[in-house]
Amino acid sequence: RDSNSSENVELGLVGDHEKSPKEGHNEKEVRCNGRYLYIYELPREFNEDLVDKCGRVTNTWESMCGNLDNYGYGPMFNLSTSNADISDTNILVPPHAWFFTEQFSGELLVHHRLAKSYPCLTSDPHVAQLFFIPFYAAMDSAFTLFSPRLQLRDRLTQRLIGWLTANPTWNQFKEERKHFMVLGRTTWDFSRSEDSDGGWGTSLSAQVELSHVTKLLIERNVWRQDEV
């Protein structure tokens with residue numbers, strides 16, 4: 001988490017189990033050696049506000065992001081009330097662990113899992129080996145992909161870059177430690193050239209400031225070294 005931010009995440013994403021390595025037991029220090037993860041505490045506009053916006057009815061579609069219940073997992077799959085064949089009970093095992101998960105909900109899902117379940121979180125960036133940027137770019141693009149206004153498509157990405165470049169933790173560790181972000185759509189939705197007067201998607205992947213950040217996508221460009 002980023003102690004330099006003045007805004008706190010309010011989606012229940014801060015793990016109750018988090019302890020500074022100096023406060024932890026020797027066992028945790030041994031287990032987490034080389035595995036500490038630092039999560040930037042971005043302002044709400046980059047994640048929480050987008051979840052709220054996705055839940056509101058718009059003039060274009062009623063649901064921009066699908067059902068984001070259960071922090072991105074969606075509603076639980078209930079075999080007793082579904083149209084599934086009875087033989088599916090032998091496939092969906094255990095039956096209580098299956099959900100109707102939307103294709104583009106990965107940003108929220110991964111953020112919540114890391115913040116609530118990862119055992120080696122730290123608020124001390126000096127001991128972290130990995131830094132996570134919880135920007136929900138796919139949710140943002142759901143509202144702008146079809147806009148002819150390129151500045152609108154890139155507005156929140158540019159604001160993110162402005163926030164990062166003003167952040168002391170980012171400036172100190174952006175090159176010497178591994179950073180990553182999750183993008184809940186395909187690479188083509190983020191690959192528009194900044195020099196182009198048109199084209200599809202946002203220009204997030206073309207931003208020089210984010211070129212060393214590893215992007216985890218549901219479909220990557222095999223020619224890009226920064227995508228997984």
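Since the structure is predicted, the reported quantities are computational estimates derived from the model, not experimental observations.
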>> Check whether S117 reaches the backbone of L114 with its side chain - one donor and one acceptor, N or O, closer than 3.5 Å.
In response: no
> Taking all atoms of both residues into account, what is the closest heavy-atom pair of T122 and A128, and its distance?
Replying inline: CG2-CB, 3.9 Å
> Under the side-chain contact (heavy atoms from CB on, under 4.5 Å) criterion, do Q172 and R177 qualify, and how do the steps go?
Replying inline: CA-CA 9 Å; Q172 182 174 357; R177 305 284 174 86; over 6 Å; no
> Atom CD in E209, atom CG in L160: separation rounded to 0.5 Å?
Replying inline: 10.0 Å
>> As an exercise, state the distance from SG of C120 to CD of Q129, rounded to the nearest 0.5 Å.
In response: 9.5 Å
> Atom OG of S205 and atom CD of E227: how far apart are they, to the nearest 0.5 Å?
Replying inline: 5.0 Å
> Got F190 and K215 here, is their nearest side-chain heavy-atom distance under 4.5 Å?
Replying inline: no
> What do the steps show when you test Y40 against H179 for side-chain hydrogen bond (donor to acceptor under 3.5 Å, both in side chains), and what is the final call?
Replying inline: CA-CA 10 Å; Y40 284 94; H179 283 66; 2.8 Å; yes
> Residues two or more places apart in sequence or in another chain: which of them pass side-chain contact (heavy atoms from CB on, under 4.5 Å) with R159?
Replying inline: E45, F46, R155, L156
> Shortest non-hydrogen contact from L121 to Y36?
Replying inline: O-CD2, 4.1 Å
>> If you compare all heavy atoms of L164 against all heavy atoms of I133, which two are closest, and at what distance to 0.1 Å?
In response: CD1-CD1, 4.3 Å
> What distance do W188 atom CH2 and N221 atom CG have between them, rounded to the nearest 0.5 Å?
Replying inline: 4.0 Å
> Can you check whether L152 reaches F143 side chain to side chain, under 4.5 Å on heavy atoms?
Replying inline: no
>> If I take atom CG from residue L130 and atom CZ from residue F180, how far apart are they, to the nearest 0.5 angstrom?
In response: 5.0 Å
> OH of Y136 to CG of L50: how many Å apart, nearest 0.5 Å?
Replying inline: 9.0 Å
